[in-house]
Amino acid sequence: MKDLYLYFTMGYPDMDTLERFISLINADKVNGIEIGFPSMDPKYDGPEIRKSHSSAVDPGRERMLEFLKILGMKNIPLYSLQYYSDICSDIEENLAILRESGFSGIIVPDLTTDYFKDSEKVIDHIEESGLDFIPFFSASSPDRVIARQCSLTSSWIYYGIQPSTGINMPMDMAPGVQRIRSIAGNRKMIFGFGIRNEDHVREAVRNGADGIAIGTILLKYLESNDKNGFIDLVERMRVALNDNS
Amino acid sequence: MKDLYLYFTMGYPDMDTLERFISLINADKVNGIEIGFPSMDPKYDGPEIRKSHSSAVDPGRERMLEFLKILGMKNIPLYSLQYYSDICSDIEENLAILRESGFSGIIVPDLTTDYFKDSEKVIDHIEESGLDFIPFFSASSPDRVIARQCSLTSSWIYYGIQPSTGINMPMDMAPGVQRIRSIAGNRKMIFGFGIRNEDHVREAVRNGADGIAIGTILLKYLESNDKNGFIDLVERMRVALNDNS
Amino acid sequence: MLESYREEIIPEKWYNIIPDLPEPLPPPLDRSKGRSSIDLLNDIVPKEILKQEFSFSRYVDIPDEVREQYIQIGRPTPLVRARNLEKRLDYRGKIFFKFEGATVTGSHKINTAIPQAYYAAQEGSSGTVTETGAGQWGTATALASSLYSLPCTVFMVRISYQQKPGRKVIMNTYGADVIPSPSDMTGSGLKFFKENTNHPGSLGIAISEAVEYAMKKNLKYMIGSVLNSAITHQSIIGLETIKQLELEGEKADSLIGCVGGGSNFSGFVFPFLNDHEDMDIIASTAEEVPKFTRGEYKYDYIDSAGILPQLRMFSLGADFVPPKIYSGGLRYHGASPSLSLLVRNGRIKAEDVSQNEVIDALKIFAGTQGIIAAPESGHAIASALRYIKANKNEKKTVVVNVSGHGLLDLGIFEGKRE
Amino acid sequence: MLESYREEIIPEKWYNIIPDLPEPLPPPLDRSKGRSSIDLLNDIVPKEILKQEFSFSRYVDIPDEVREQYIQIGRPTPLVRARNLEKRLDYRGKIFFKFEGATVTGSHKINTAIPQAYYAAQEGSSGTVTETGAGQWGTATALASSLYSLPCTVFMVRISYQQKPGRKVIMNTYGADVIPSPSDMTGSGLKFFKENTNHPGSLGIAISEAVEYAMKKNLKYMIGSVLNSAITHQSIIGLETIKQLELEGEKADSLIGCVGGGSNFSGFVFPFLNDHEDMDIIASTAEEVPKFTRGEYKYDYIDSAGILPQLRMFSLGADFVPPKIYSGGLRYHGASPSLSLLVRNGRIKAEDVSQNEVIDALKIFAGTQGIIAAPESGHAIASALRYIKANKNEKKTVVVNVSGHGLLDLGIFEGKRE
Ligand SMILES: Cc1ncc(COP(=O)(O)O)c(C=O)c1O
Ligand SMILES: Cc1ncc(COP(=O)(O)O)c(C=O)c1O
């Protein structure tokens with residue numbers, strides 16, 4: 001069985017809608033939920049998710065903690081997606097909140113690119129705090145960075161197929177995946193960025209994905225409050241994933 | 001013993017002087033005399049011999065025959081040097097005169113260069129008339145021309161060291177001579193053109209000359225009527241020749 | 001065996017350094033509000049090029065057809081021991097130069113023009129468009145397009161258009177249309193053209209025009225430098241050099257090249273990096289365009305108009321209009337991200353050279369090796385002369401990439417200073 | 001192994017055809033009244049060159065130092081299978097071209113300039129002087145002189161001086177002085193200069209000036225073509241080609257080249273002649289300088305003033321002033337004696353090509369092989385195109401000598417007809 005991870009931006013389109021959609025998620029079908037915390041500059045995201053960051057409604061601290069509590073009760077592993085530029089000043093508190101809300105791990109897309117010198121220290125710190133640091137790799141990750149991060153962590157690996165979320169560039173997936181596999185061994189790899197339909201899912205699986213993460217394609221359902229469409233999409237993705245497993 | 005050949009232009013500086021100098025020649029020291037018959041265009045000769053052609057006094061037929069008769073009595077082999085352009089119209093009579101005057105052979109410097117197509121016919125004709133056709137070769141003679149002329153003739157070979165008479169260009173004598181030797185075998189080779197002093201003689205002999213021919217350097221003795229100088233020169237050339245043999 | 005000699009030197013795969021970098025490469029950045037500026041490339045760049053751009057395979061197969069064209073256009077280019085120059089400098093080490101000016105179009109630019117045109121043709125494109133500074137890239141694009149019967153349009157930085165009429169003649173001879181930039185044919189051009197109809201232009205502006213024109217006319221945009229796919233194609237320079245040095249039984253101690261967008265330098269140097277930890281590597285830039293020494297390492301636009309994505313690189317600002325120096329190919333505000341990363345990280349040393357120093361270096365090189373090198377390449381040569389002077393007593397093996405010939409840039413030899 | 005590859009292709013000896021000619025070569029003729037015009041060469045030509053000129057060895061050792069310089073200046077030059085051209089012409093045979101434009105000075109001329117300058121330097125000369133038509137020979141002389149630190153003066157046919165300012169810049173860059181000819185610096189020049197200070201000049205006049213200047217200033221006169229020593233040096237073209245074809249497992253059926261004084265053509269073709277009895281060999285000349293088709297086979301002067309000896313050759317008359325065509329290097333009234341002999345004897349076929357046909361051929365070649373060939377070489381290419389058309393259905397292996405590049409002769413591509 002392959003994994004299905006869903007991505008949401010905190011506060012988008014608003015807290016109530018978001019909560020309603022989260023409540024539709026069935027732990028039988030979905031293996032993980034990623035919550036993106038709105039960033040002033042979500043630079044490695046595509047236009048659609050970027051828009052979700054800038055349009056997200058700020059819930060305030062109270063409301064946010066409440067939301068996280070609800071999330072924590074769903075019995076689905078939770079992962080935060082946060083830019084290091086946003087959390088670096090406040091990392092202790094951030095980690096505490098995540099841990100207390102039952103998060104399993106944290107994805108930091110800009111850590112190794114923009115803060116390479118600090119990255120090992122930060123990874124150690126996160127791991128020591130009791131959260132998993134989820135390595136984020138892409139076809140452009142250098143061998144030595146992959147090897148190093150694998151040695152510092154033990155969780156699954158987030159593999160970004162596309163250069164940013166929500167876009168779809170022609171891609172030869174095999175070489176990048178094979179290279180990471182040859183270094184990371186059998187660690188679980190979840191593929192994300194740019195998965196928009198069942199063909200993309202099947203291609204990811206064919207290329208060795210242990211699961212997929214989707215985000216951009218969910219946005220329109222939340223925006224139009226189309227719950228059936230959302231449920232249907234999750235179902236179709238699930239089927240496409242199983243199709244190959 | 002190497003051979004020494006002397007060259008004179010008929011009628012230069014005048015018949016009397018020429019005759020007087022010829023009479024100084026000793027058959028012990030000189031192995032052949034070449035007589036150049038003045039040409040309207042002695043093109044393969046250098047400026048000095050060319051001047052001798054243009055300044056030569058025309059003796060008239062009678063006087064010429066008389067001179068040739070005297071020559072014939074010297075008991076030294078005689079060779080004519082004639083441009084084919086001058087004799088082609090009258091070749092029968094020319095050959096008859098030479099034969100009757102006791103000439104041994106004939107050198108035709110322009111035959112193979114300017115009348116290549118006719119050359120074999122002409123050579124045959126000369127040989128059949130009872131005179132030797134003396135092949136004239138130089139470093140520029142092609143292999144096949146050398147081979148062909150050698151097969152049509154049996155006399156010695158005239159080897160022109162320099163591109164024309166009376167000049168002295170830097171020269172690497174060995175390769176040309178060796179090439180001709182490799183085709184002509186042991187045929188006697190007399191080297192001429194540009195021999196002006198004993199060093200030249202020794203160089204020729206060192207390079208395999210069986211003898212040498214001199215002409216341009218004789219001119220000044222005839223012009224100044226310097227008989228002792230002439231005798232002395234011939235003597236010195238003889239010594240230089242023997243020096244190496 | 002001749003062919004097999006060539007085939008022995010010409011590699012079968014291009015090399016892409018990204019998987020071997022010491023740090024991850026910051027990805028291109030999409031700052032656009034509407035349509036993704038990365039996604040936009042789908043319309044104007046051949047699919048196969050985008051695949052290469054975004055797949056980051058360490059080795060990329062060179063199609064047989066492209067290898068064949070590499071031979072046709074003069075590859076492998078010679079690696080020559082510059083014995084005359086060594087003598088003149090009284091240098092007891094060794095100086096080699098790789099001469100990309102030996103290609104038929106006169107520079108390394110053809111190395112990437114050919115695969116780009118090849119893929120464009122394979123994918124049924126109706127034509128190509130690009131910008132050119134020095135004229136070398138336009139020339140390469142024009143020929144490559146001609147080889148695949150693709151109509152070609154070139155936006156040429158106006159100052160070069162005026163200084164190098166010969167380049168235009170050659171591009172026309174290859175069948176291309178050449179338009180001085182900024183022009184009134186695109187929005188990005190018109191903006192500057194209206195200000196000053198004799199605006200000298202810049203590569204940044206010309207890129208904007210070419211990209212806009214590609215979108216408008218549904219043409220393929222040819223990538224001259226900066227982007228990783230172009231740099232990957234240029235790896236043929238370094239791969240050949242490694243093989244050639246190996247065949248000569250030599251080992252490089254120092255590599256020196258010039259940097260405009262970074263393609264010839266990176267293509268030359270990158271294949272060496274893995275196995276040669278202790279080499280001196282020097283990137284030579286123009287004092288008038290001091291991207292590494294005075295630029296900032298930041299995300300900045302590829303083009304002046306900001307149509308294309310941003311890249312993390314050393315940059316003087318996408319709106320920087322460089323002075324009119326002879327080295328037209330160095331008049332670019334940035335340098336490719338991978339190279340920028342390695343300069344920032346200290347693996348590659350960067351230095352600026354003035355035009356006067358370049359002129360002197362070009363003259364010494366001409367008088368000894370007989371080669372009229374391109375002004376751009378003159379920076380590499382000048383840096384090599386500096387390096388040799390500074391290491392006079394060490395017997396180093398210095399390898400310089402001479403990216404092009406300067407037979408169409410003779411102004412620099414006439415004592416006319418810009 | 002790289003060096004050894006080069007050394008495998010570059011011969012150890014030059015080849016001199018004279019001993020292998022079917023007929024004896026008529027010697028140079030000395031029509032001078034005073035001092036022998038042959039003997040005069042002793043003053044102005046290096047001894048070693050005269051030795052080669054008059055010794056007629058079939059093989060002449062190339063000094064090690066000269067072989068080394070041959071590598072420095074870009075030898076061996078490439079032999080390329082012109083696959084793009086074959087495709088364009090839909091030809092089922094094979095077309096190869098030997099590209100002498102790949103030398104650093106851009107033509108075959110450097111092949112003889114180097115040994116001449118080398119011997120001049122060895123013999124302690126104080127400088128060199130020569131003439132140039134297209135500018136290619138002057139460029140080669142300038143560089144070769146620079147390599148041996150010899151001051152160099154070049155008399156450049158005025159029409160070329162005006163049409164090709166770039167050539168002057170390059171010669172100056174190599175350190176040579178360039179004087180438009182006819183000039184007022186010599187008696188032979190002054191004669192024409194007084195008539196018309198803008199006299200277009202001719203190679204014949206420029207040769208006279210250079211020879212006169214050499215005598216006056218005690219310099220070595222560099223022989224650009226026509227004389228046998230220069231042709232012997234050029235045999236490196238054909239010797240390399242033979243080796244390269246052999247390594248490719250190919251056999252030439254046809255050889256095609258262009259003829260000015262005859263040096264590139266003879267150097268290319270002669271080494272083949274002995275072993276290839278049934279090859280088609282075509283010498284291509286300019287319709288405007290139809291030496292073989294309209295000239296006379298006779299003794300004529302090398303130079304206009306008649307300072308040098310006469311040679312037996314096809315000639316349009318030593319005082320012939322050719323029309324101002326782009327192919328400056330073909331504007332010579334005669335052709336070397338050995339070549340003339342072989343044309344007269346029928347072994348080599350000669351044909352004239354018009355400037356318009358050349359322009360078309362150059363464009364086809366540029367568009368397919370990417371090479372901007374010299375206008376002179378355009379004649380060879382045009383003749384090759386004719387030949388291929390005429391032999392469309394035979395699968396011949398045609399080898400064309402492309403004697404130079406035309407990057408400094410772009411006027412011909414601009415549609416400006418002379
Ligand atoms: C001859 C030459 N060298 C170097 C460059 C600089 O470009 P890059 O840094 O991409 O090699 C150019 C660009 O036009 C060029 O023409
Ligand atoms: C490029 C080129 N080809 C051909 C020629 C003709 O000379 P030759 O017949 O001696 O090779 C010249 C002479 O300048 C030349 O520059």
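Letters A, B, ... mirror the listed sequences (proteins, then strands); counts begin at 1. The model shown is predicted, which means the values in this text are computed figures rather than measured ones.
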Taking atom types as modelled and ignoring hydrogens, do the side chains of Thr128(D) and Ser145(D) form a donor-acceptor contact shorter than 3.5 angstrom?
yes

Which residues satisfy the side-chain contact (heavy atoms from CB on, under 4.5 Å) test with Ser104(B), sequence neighbours excluded?
Pro77(B), Tyr79(B)

Measure distances from Asp41(B) to the heavy atoms of chain D and classify the residue's part below 4.5 Å as side chain, backbone, both or neither.
side chain

Glu212(D) vs Ser208(D), test: side chain to side chain donor-acceptor pair (under 3.5 Å). Steps then yes/no.
CA-CA 6 Å; Glu212(D) 206 185 310; Ser208(D) 300; over 6 Å; no

For Phe37(B) and Phe103(B), take the angle between the two ring planes, folded into 0 to 90°, and tell me which bin it lands in: parallel under 30, tilted 30 to 60, perpendicular over 60.
tilted

So which residues of residues 183-200 of chain B are in contact with chain D at a heavy-atom cut-off of under 4.5 Å?
none

Taking NZ, NE, NH1 and NH2 as the nitrogens, is one of them in Asp210(B) or Arg181(B) under 4.0 Å from a carboxylate oxygen of the other?
yes

Residues Arg202(B) and Asp243(B) bridged, charged N to O under 4.0 Å
yes

Rounded to the nearest 0.5 Å, what separation is found between the NZ atom of Lys13(D) and the OG atom of Ser235(D)?
12.0 Å

Distance only, no hydrogens: is a donor on one side chain within 3.5 Å (strictly under) of an acceptor on the other, for Tyr221(D) and Glu131(D)?
yes

Side-chain donor/acceptor of Glu12(D) to backbone N/O of Asp61(D), under 3.5 Å
no

Do the charged groups of Lys349(D) and Asp280(D) touch, with an N to O distance under 4.0 Å?
no

Just checking heavy atoms, which of residues 151-163 of chain B are less than 4.5 Å from chain D?
Pro163(B)

Which atoms of Arg50(B) are under 4.5 Å from chain D, going by heavy atoms: the side chain, the backbone, both sets, or neither?
side chain

Non-hydrogen contacts under 4.5 angstrom with chain D: give the residues of residues 167-175 of chain B involved, or none if there are none.
Ile167(B), Asn168(B), Met169(B), Pro170(B), Met171(B), Asp172(B), Pro175(B)

Does Phe21(B) form a ring-ring contact (aromatic ring centres under 6.0 Å, His included) with Tyr221(B)? I'd like the steps, not just the answer.
CA-CA 9 Å; Phe21(B) 274 76; Tyr221(B) 300 102; 8.0 Å; no

Side chain / backbone / both / neither for Thr112(B) at chain D, heavy atoms under 4.5 Å
both

Before you tell me yes or no, could you show the steps for Asp319(D) and Ser304(D) under side chain to side chain donor-acceptor pair (under 3.5 Å), namely the whole-Å CA-CA distance, both residues' side-chain angles and the distance that decides it to 0.1 Å?
CA-CA 5 Å; Asp319(D) 54 358; Ser304(D) 301; over 6 Å; no

Chain B shares the most heavy-atom pairs under 4.5 Å, among Leu21(D), Ile17(D), Asp39(D), Ile18(D), with Leu21(D)

Once rounded to the nearest 0.5 Å, what's the spacing between atom CD of Gln52(D) and atom OG1 of Thr232(D)?
7.0 Å

Nearest 0.5 Å please: distance from the CD atom of Glu53(D) over to the CG atom of Leu41(D).
8.0 Å

What part of Tyr299(D) is in contact with chain B, defined as an atom under 4.5 angstrom from a non-hydrogen atom: side chain, backbone, both or neither?
side chain

Residue selection (most heavy-atom pairs with chain D, distance under 4.5 Å) from Arg148(B), Lys51(B), Arg144(B):
Arg144(B)

Quick test of your reading of the model: are Lys291(D) and Asp300(D) salt-bridged, counting only N-O distances below 4.0 Å?
no

Donor-acceptor pair between Asp118(B) and Tyr84(B) side chains, under 3.5 angstrom:
no

